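In what follows, a single structure is set out as structure tokens and then discussed.
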Amino acid sequence: MSAFVSLLKRDMRLAIRVGGGALMGAFFFLIVVVMMPFAVGPDLGLLSRLGPAILWIGALLASLLALDRLFATDHEDGSLDLLMMGDMPLELVVAAKAVAHWLTTGLPLVLITPLLALMLNVEPKALGPLMLTLVVGTPALTFIGLVGAALSVALRRGGLLLAVLVLPLTVPVLIFGVAAANTAIIGPTPFGPPFTILCGLSLMSLVIGPVAAAAALRHGLE
Amino acid sequence: MSAFVSLLKRDMRLAIRVGGGALMGAFFFLIVVVMMPFAVGPDLGLLSRLGPAILWIGALLASLLALDRLFATDHEDGSLDLLMMGDMPLELVVAAKAVAHWLTTGLPLVLITPLLALMLNVEPKALGPLMLTLVVGTPALTFIGLVGAALSVALRRGGLLLAVLVLPLTVPVLIFGVAAANTAIIGPTPFGPPFTILCGLSLMSLVIGPVAAAAALRHGLE
Amino acid sequence: MAIIDLANPTRFIALVNRVLPWLIAVTVLLFAIGLARTMQAPDDYQQGATVKIMYLHVPAAWLGMMAWGIMSVAALGTLVWRHPLADVAGKAAAPIGAAFTFICLVTGSLWGRPTWGTYWVWDARLTSMLVLLLLYLGVMALYWTADDPNRGSRAAAILSLVGAVNLPIIKFSVDWWNTLHQGSSVFRMGGSTISPSILIPLLIMAIAFTLLFVTLHLAAMRNEILRRRVRTMRLMQAQELAEAHS
Amino acid sequence: MQLIGDNLRCVRGGREVFADLNFRVASGEAMVVTGRNGAGKSSLLRVIAGLVHLTGGQLSLDGGIPEASVAEQAHYLGHQDALKPSLSVAENLQFWAEFLRIEGSIEIIPALQAVDLQPLADLPAAYLSAGQRRRLSIARLVAIKRPIWLLDEPTSALDVASQGRLAKLMRAHIAGGGMIIAATHGPIGLDNPRELQMGPQ
Amino acid sequence: MQLIGDNLRCVRGGREVFADLNFRVASGEAMVVTGRNGAGKSSLLRVIAGLVHLTGGQLSLDGGIPEASVAEQAHYLGHQDALKPSLSVAENLQFWAEFLRIEGSIEIIPALQAVDLQPLADLPAAYLSAGQRRRLSIARLVAIKRPIWLLDEPTSALDVASQGRLAKLMRAHIAGGGMIIAATHGPIGLDNPRELQMGPQ
Ligand code: HEM
Ligand SMILES: Nc1ncnc2c1ncn2[C@@H]1O[C@H](COP(=O)(O)OP(=O)(O)OP(=O)(O)O)[C@@H](O)[C@H]1O
Ligand SMILES: Nc1ncnc2c1ncn2[C@@H]1O[C@H](COP(=O)(O)OP(=O)(O)OP(=O)(O)O)[C@@H](O)[C@H]1O
Ligand SMILES: [Mg+2]
Ligand SMILES: [Mg+2]
């Protein structure tokens with residue numbers, strides 16, 4: 001387990017030193033949300049209605065943007081070779097990296113949500129459910145993205161390929177995340193059912209993501 | 001000039017072999033547009049109203065996602081060293097790479113717009129102006145992103161930093177791009193003024209982008 | 001001939017070469033019968049002749065989905081047994097499945113214009129079919145961009161399996177969305193609700209489509225095997241050249 | 001303990017790199033792999049390290065920890081240094097030591113001393129010269145004990161003094177019952193290693 | 001033609017790498033730069049190539065094309081190979097030849113032959129071994145004529161035959177009035193080069 005923790009710590013440290021770390025995720029999110037009114041127009045009613053959608057799309061982007069280098073850097077500098085030679089199962093290695101990624105980009109983004117929700121005129125009573133959906137949903141985005149990151153390393157491919165592979169897979173998470181958040185805002189359907197499904201999706205991706213990513217890396221060995 | 005052309009050709013070839021090339025840009029765009037209704041909800045009226053915004057945000061993303069590796073790959077494998085040792089001014093080197101990037105991600109995205117506009121229920125008469133704004137605006141996005149790509153190499157930084165640097169700079173382009181497209185859809189203001197400003201912004205970024213990016217790279221020499 | 005023999009690519013090609021002409025003949029025959037029956041089938045009292053699109057639309061939808069199932073099974077073969085024929089089966093199925101999905105989308109759009117008044121709505125069923133097409137495109141993109149076919153097939157196999165998990169979610173998740181598209185009426189609890197005069201031609205067309213799929217799939221598999229042989233021969237030639245040279 | 005390669009075959013990118021390869025290295029022994037560029041030396045080391053798929057033949061380890069794979073009992077020193085530029089020299093080493101350790105303590109300072117990098121311990125790895133990076137990589141072998149060392153051109157970029165230090169480390173490893181397989185184009189300072197000649201000539 | 005370094009000083013990452021460095025190389029001459037790891041050999045080559053900022057002193061080229069900078073008249077062979085894995089061997093070389101050429105024709109095939117890579121011309125560079133990559137890099141020097149060669153440990157990863165070929169190429173370059181500055185830790189097959197010893201010892 002100490003190997004898990006030290007990998008987690010290393011990846012978070014790298015994210016902070018190289019990528020500007022946690023703050024950068026929050027910044028990015030802020031910018032995306034601030035830009036939306038420019039694109040959509042400053043109609044407050046419309047914005048508050050689109051609030052959850054905007055926040056969810058921002059979360060999706062933040063998860064994707066940094067993710068494509070998750071394994072690529074380790075592959076290029078030879079670290080991945082050594083990571084595969086440890087006694088920790090590759091599934092755990094991959095999971096540790098995903099957790100570090102979520103902690104440095106997903107979590108800050110959830111924490112800054114109240115501020116952004118305010119800017120988007122989202123009703124205060126909807127804030128709780130909205131944050132809850134993001135807390136539960138963003139790990140799913142990261143862990144699904146994980147598969148794409150591993151595939152693109154295994155194939156030595158980059159660019160938009162990762163996004164093209166991963167985005168369709170995130171559709172259900174997006175549907176239920178936004179749906180659950182919207183029930184709290186627009187009603188009348190209850191919050192429970194879509195949220196339960198979101199939790200289910202998240203749990204599933206927590207399992208399938210690392211397994212599939214590890215398989216992709218292993219099969220990528222030539 | 002032949003050096004410019006051969007660099008352009010090389011970068012396009014790499015984009016096609018590594019990133020799946022032009023098709024991938026179009027795919028990505030298609031996916032982004034398809035995903036929006038999941039977030040926003042399937043209300044056709046709303047979607048057609050948001051049409052230009054969605055298309056512009058998609059274009060912004062496609063420009064950003066692949067861009068952060070524009071100089072990083074060349075830096076990491078030592079190519080950048082040699083690119084700086086040619087007799088072609090660095091500004092032109094940088095511009096050649098940007099043009100290649102636009103041709104492989106920006107242009108396909110403009111070409112696929114009619115199909116997507118149809119799906120978003122954008123009125124046919126607005127299609128022309130919308131495409132025009134994208135043709136003029138996407139190069140601006142690429143050339144602004146160029147500066148960020150150069151900075152992130154010069155600073156040896158990655159992750160979301162590039163997006164955080166670049167996104168605020170793209171705000172004016174986004175505003176006038178969407179505004180111009182919207183005049184053709186919602187009216188009543190004329191298309192001319194915002195479009196002229198968009199053209200101005202684009203021209204400015206075509207000049208400032210390469211100069212700033214080359215300066216960033218030169219100062220990045222330690 | 002035992003299954004084990006079929007697993008040998010050379011035997012497989014021999015078999016395909018023998019079976020293919022017959023398969024084509026039967027497919028053409030079934031299409032002829034199906035189309036004839038379709039022409040005789042009654043027009044809808046509301047939609048008139050446009051309802052005939054259904055005989056293309058529905059089988060295409062079924063096969064578009066079935067092809068992903070085949071890819072998932074092939075993916076298991078690739079990942080678990082590393083079987084070359086499974087690679088080939090998966091790779092060959094992707095573009096065909098995508099094509100059927102695309103046909104479903106196009107015929108649906110064409111049908112939507114007269115019935116719903118628009119080519120496209122963001123309806124549950126339609127959208128999930130579009131996502132399926134995107135997933136197909138993703139898998140195909142993996143095959144295209146991989147320089148080494150083996151590595152490409154393994155990556156695509158993993159994506160097929162993950163996508164297989166995703167597929168039912170997409171299909172069912174959107175059921176509660178407001179829906180314009182009609183629900184299932186052929187395969188459903190408590191029996192079919194369609195009149196036999198429509199159902200029978202539909203089923204014949206479905207079988208014809210399935211045979212078409214099998215025909216195309218076998219042919220594509222054969223071509224893929226041959227293509228890989230050519231590639232291997234080229235590489236070997238280069239290697240021999242290199243060795244002879246030194 | 002004995003590492004046995006039996007009839008090994010390796011295919012990379014659709015081309016056969018080597019076939020019918022046999023070798024046997026026991027603890028306390030070193031084997032030097034030679035051959036011209038492209039002969040398959042690096043590929044062989046990566047196959048042993050479990051980083052490249054073995055297409056045919058059998059690779060087995062007699063003795064050693066039975067439930068651990070060969071890769072888990074081996075150190076691999078490849079062409080790439082597996083260093084993160086933004087971490088300091090000590091942090092880089094510390095991480096790999098924590099990650100790769102199976103049991104026993106971690107000895108960062110002595111390991112850095114062994115490659116004469118202790119004065120640079122707090123420098124970011126981005127600032128290291130080629131040879132210093134290589135030495136930091138070598139420090140990994142010292143910091144955590146693993147019986148099998150797989151070294152791919154270990155002397156490249158090292159200055160004369162460092163080559164001497166490496167030779168000393170290798171001799172100590174062998175004397176302690178370790179095993180070394182090294183690919184090289186020149187002498188690397190081992191006494192009477194076994195030799196495995198790959199490829200033609 | 002003569003390359004003159006006068007009182008050169010270089011600061012990298014806030015630390016002084018070298019100072020008061022003087023040298024002078026004329027056409028038809030080779031200079032070997034030696035010194036222990038971290039002495040500043042690579043830094044010096046990169047300074048000459050215009051890739052690292054010169055903090056103090058003066059670097060000047062007597063003769064040569066007057067309006068071109070030193071960098072534009074020099075080939076730099078660094079630790080990295082500047083190859084794109086997805087381009088073939090020939091495509092990689094072709095690109096650099098087209099990009100770096102100032103005038104004259106491009107000779108891809110003879111250049112590949114000079115490093116014995118012609119049989120692999122159509123292979124993607126991703127499939128090359130370390131030494132083959134290095135040789136492809138060296139082919140660049142042959143394909144386009146530039147008078148100054150800056151070589152950073154040029155023999156690393158090369159097998160014995162390739163080292164011989166490289167030595168022949170270097171001798172031919174010098175005989176043709178070229179100039180070579182090479183950083184190295186061992187002999188690289190030049191006859192009586194000037195020597196520049198950097199750092200202490
Ligand atoms: C682009 C638009 C459309 C798409 C993507 C689409 C998709 C599908 C799919 C996936 C199925 C198979 C459902 C299943 O078996 O589970 C299906 C069946 C069917 N579609 Fe569509 N459809 C479209 C437009 C239409 C239109 C406009 C109509 C007619 C009003 C229509 C009528 C039907 C009918 C009658 C079935 C058979 C349902 C059954 O009995 O199971 N579709 N379609
Ligand atoms: N990643 C790869 N993918 C496909 N083929 C490869 C790969 N790496 C090497 N090869 C091929 O495998 C063969 C052996 O390469 P390898 O790197 O093992 O050689 P080597 O003996 O280490 O050579 P060198 O002395 O140059 O380091 C070469 O013909 C090469 O083309
Ligand atoms: N990118 C860099 N940024 C900051 N400092 C650097 C950088 N690269 C090298 N240095 C420092 O400059 C000094 C000289 O490095 P250089 O690479 O020139 O040495 P070298 O003589 O080539 O050594 P080697 O024999 O190991 O290749 C070292 O002390 C190193 O720490
Ligand atoms: Mg090697
Ligand atoms: Mg050096």
Side-chain angles (χ1 to χ4, degrees), chain D residues 11-15 17-18 34-46 78-81 85 89 115-117 119-120 123-136 138 152-166 183-187 198-201, chain E residues 11-15 17-18 34-46 78-81 85 89 115-117 119-120 123-136 138 152-166 183-187 198-201:
Chain D
V11 174
R12 294 183 87 174
R15 298 158 70 238
V17 175
F18 56 77
T34 58
R36 46 170 209 155
N37 292 143
K41 305 179 291 298
S42 303
S43 302
L44 174 62
L45 293 185
R46 290 180 69 82
H79 290 294
Q80 289 148 317
D81 294 314
V89 167
V115 293
D116 193 24
L117 273 185
L120 304 182
L123 207 67
Y127 290 5
L128 297 185
S129 78
Q132 288 164 345
R133 292 173 63 84
R134 195 77 183 154
R135 274 146 63 180
L136 181 47
I138 292 172
D152 202 350
E153 304 187 32
T155 54
S156 79
L158 295 183
D159 59 17
V160 181
S162 304
Q163 290 183 18
R165 270 191 297 266
L166 174 64
T184 177
H185 292 294
M198 293 188 75
Q201 183 236 110
Chain E
V11 174
R12 294 184 87 174
R15 298 158 71 239
V17 176
F18 56 77
T34 59
R36 42 168 213 164
N37 292 143
K41 304 178 293 296
S42 303
S43 302
L44 174 62
L45 294 184
R46 290 180 70 82
H79 290 295
Q80 289 149 317
D81 295 314
V89 166
V115 294
D116 194 27
L117 272 186
L120 303 182
L123 208 65
Y127 289 7
L128 296 185
S129 77
Q132 288 164 343
R133 291 173 65 84
R134 195 78 183 153
R135 275 147 63 182
L136 180 48
I138 292 171
D152 201 351
E153 305 188 31
T155 55
S156 80
L158 295 184
D159 59 17
V160 181
S162 305
Q163 291 182 17
R165 270 191 298 263
L166 174 64
T184 176
H185 293 292
M198 294 188 73
Q201 187 236 111

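Each chain gets a letter, A, B and so on, in the order the sequences are listed, and its residues count up from 1. All values reported here derive from a predicted model rather than from experimental measurement.
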Side chains of D/K41 and D/T184 in contact at under 4.5 Å (non-hydrogen atoms): no
Per-residue contact mode, D/L128 against chain E (heavy atom under 4.5 angstrom): neither
Among D/G40, D/P124, D/S129, residue most engaged with chain E (heavy-atom pairs, under 4.5 Å): D/S129
Step-by-step side-chain hydrogen bond (donor to acceptor under 3.5 Å, both in side chains) determination, E/S162 to E/R165: CA-CA 5 Å; E/S162 305; E/R165 270 191 298 263; 3.1 Å; yes
Under 4.5 Å from a heavy atom of chain E, the part of D/E153 involved: side chain
From E/R133 atom CZ to D/H79 atom NE2, the distance as rounded to the nearest 0.5 Å: 10.0 Å
Nearest heavy-atom neighbours spanning E/P154 and E/I138: O-CD1, 4.3 Å
Contacting region of D/R135 [heavy-atom separation from chain E under 4.5 Å]: side chain
Atom group of D/A183 that falls short of 4.5 Å from chain E, counting heavy atoms: neither
With sequence neighbours excluded, residues passing side-chain hydrogen bond (donor to acceptor under 3.5 Å, both in side chains) with D/S42: D/D152
